[in-house]
Amino acid sequence: MDAGIRNRRIAITTAALLAVAAGPAMAQTKTLDTVKARGTLNCGVNTGLAGFSMPDDKGQWTGLDVDLCRAVAAAVFKDATKVKYVPLTAKERFTALQSGEVDMLSRNTTWTMSRDTSAGLSFVGVNYFDGQGFMVKKSLGLKSAKELDGATICVQTGTTTELNVTDFFRANKLNYKPVVFEKLDETVAAYNSGRCDAFTSDHSQLYSERLKSPKPDDNVVLPDVISKEPLGPAVRQGDSGWGNVVRWAHFAMVNAEELGVTSKTVDEMQASANPEIRRLLGKEGDFGKGMGLDNDWAYQIVKQVGNYGEAFDRNVGAGSRLNIARGQNALWTKGGLQYGMPIR
Amino acid sequence: MPRGQPPLSLPALIYEPKVRGIIFQVLLLAALVVAAWSLASNVAVNLQRQNIASGFGFLDRTAGFEISQQLIDFKPTDNYGRAFVVGLLNTLLVAGLGIVFATILGFTVGVARLSSNWIVSRLALAFVEVVRNMPPLLTLFLVYFAAIKTLPGPRQSIELPLSSFLNVRGLYMPKPQWLDGSSTIVVAFIAGIIASMLLARWARQRQVATGQQVPIFWPSLGLVLGLPLLAFMIAGQPVAFEYPALKGFNFSGGMVVQPEFIALLFGLTVYTAAFIAEIVRAGISGVPKGQKEAAAALGLSAGQSMRLVVLPQAMRIVIPPLTNQFLNLTKNSSLAVAIGYPDLVSVFAGTVLNNTNQAIECILITMGVYLVLSIVTSIGMNMFNARMALVER
């Protein structure tokens, strides 16, 4: 963490306190109108997680979470580039959303009950089904997380991870010692230098960090999955209209994959006779208007960002260095959990 | 019409300086109260409308997480309130020790800056200039990551005397276990301290009365260390040691000092010591040269003159800015979160805040704690300053 980020964190906290303290005018206005008037979408993303949200060598943000920001921008502005990415640490993210600094959060955030009911947030979907696990040095020769009795474990603060790992060790009557860092980079650096026996996080994050580590082959991700981590986008509570926009941007991508509509075929698909495709692409019905958008909202998403399968492959799947299997994130028709609610 | 009292008309009242002063003060106070009240009520209304939990009831709820360094017992089944205390104690520990070490190091370097030995004074200068011109956060990162990158793993631990081990997981030392009868040792230790204080007082009175000096340093040391040792022998050696041993991933048993704690303490000490050194140097330079010359003329050695004549006078200049440095050190200890030390900010304004989503309450409590710590430090230093101040006769 450098001084700039620290200062910004203080600024965010202060802004949050002031925003909550400020007059009651704030949350009354509709986020969609605010976003349209501003001309850009402020999207809260991870400070750097390969495959999900990370700037590439040209400084362009890429990743599965970033693609959801782009999809919303495509639906609202017909231009997927009109996004201002706000990188947030785990600790800052909710305050940034609550205070209005970002319009939506697409930052590998676990949907939990307390976040829905007491943090002023509304989760609107799951764009990646994940689970927590452990990465250890291969030289330890471990086969299961149950062999971690007495281990020192590096963990990032502000996450469900910190609680799950405690639950896991309590349930199995094992001991461990946490070393808790604020930022992912320091957490991983401490693990890599041998301060901890294990690094715990969501599996997707473990694969991503393993790839980034100096010697990927020296590390293994243990097979145990110790928690359910449905990661998804969130918006502020009390603005269901805006929640619909983000929710259906995600479902549009999943539906497009179900219907076989890709960024390459979407133009010719406009002539399709299939009523489901016609509704998705705005040829029939007024589905976009209902959200305060144009009816080609989903066409723009698929054209500019692609369907869910394309985004997955490009960022975390077979077409990326991470090479994560679809698994639970396959379509429901292929044994996975991704299920696009019907557009009708 | 009798002279004296003018008629009490309203304009006349406003032009009366005393009345006007009171009116403006009342107005200002009223404005502040209204502002604070509207701020507080807006917070309450907005939190409720956004459906964000509020209130302090969360302190009783189960924490559900572990803390790596605990001065009092802490289990995941304990509540957030206890987690707060654990974090607070960790902050107090590092701040308290940091103040002690930074003062010692700072005074040493400050005196060395004025040494007539060229190498010593240049080394002290280099230390001050390098350290105080770096941001404290970078110093901490440097110390922490340099430490954990160079220290060996648990299996290749460096063996130290007294069955201690040093590795990347920390410094492992034997842990004393207090058995029956060990309380006599504590009593003997306290008795030793009281006895040496009485001895010092008696020696001072004797010097005032007769002019003769009695050595007090070595006898005091003997009393403070010797009495507990004697008690230890008489009570039948009631202290056993639990030794650290390599087991599984790590050493278990014994006491452990974590690298995060060592790095934070070291970083804060060094950083603050550089500023204290400059304050001490300024203080010593502020004592008129004649004082030193007079001390020499009276036959005091250089050391005696520094200890008995120069430093007591320098202290009057040193104490107020020294207070600032103590406050800075305490506040800088919140950088702990960056290197994984579980201080108040890391535990309470970090983990607890995130698990309860009650940012306003957690931040307010944390700010309140630092405010109280700073005020207590200031009051203590002001009392010390009053004692050291020049007594005008």
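Naming: A, B, ... by sequence-line order, numbering from 1 per chain. Basis for what follows: all heavy atoms, side chains included, without hydrogens, waters or symmetry-related copies.
Neither the backbone nor the side chain of A/I153 comes within less than 4.5 Å of any heavy atom in chain B. Within the 4.5 angstrom heavy-atom criterion, only backbone atoms of A/T117 (N, CA, C, O) approach chain B. Only the backbone of B/I67 comes within contact range of chain A, with heavy atoms under 4.5 Å apart. With a 4.5 angstrom heavy-atom cutoff, A/L140 touches chain B only via side-chain atoms. Only the backbone of B/A63 has a heavy atom closer than 4.5 Å to any heavy atom of chain A. Heavy atoms closer than 4.5 Å to chain B are found in the backbone of A/D149, but not in its side chain. Both the backbone and the side chain of A/F181 come within less than 4.5 Å of a heavy atom in chain B. Only the backbone of A/C196 has a heavy atom closer than 4.5 Å to any heavy atom of chain B. Neither the backbone nor the side chain of B/A336 comes within contact range of chain A; no heavy atom of the residue lies under 4.5 Å from a heavy atom of that chain.
Side-chain atoms of A/D103 and A/W242 form no donor-acceptor pair, as typed in the model, at a separation below 3.5 Å. Checked by atom type, the side-chain pair A/T89/A/E182 shows no donor-acceptor distance below 3.5 Å. Side-chain atoms of A/T166 and A/Y176 include a donor-acceptor pair closer than 3.5 Å.
Between A/R195 and B/E260, at least one side-chain N (NZ, or NE/NH1/NH2) sits under 4.0 Å from a carboxylate O, which counts as a salt bridge.
For the pair A/K137 and A/Y191, the cation sits on the ring face: its NZ or CZ lies under 6.0 Å from the ring centre, inside 45° of the axis.
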### Task
Go through B/V94 and B/D343 one step at a time and tell me if the side chain to side chain contact (heavy atoms under 4.5 Å, CB included) criterion holds.
CA-CA 9 Å; B/V94 79; B/D343 79 323; 5.7 Å; no
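A perpendicular orientation is assigned to the rings of B/F84 and B/F348, their planes being inclined by more than 60° (bins at 30° and 60°).
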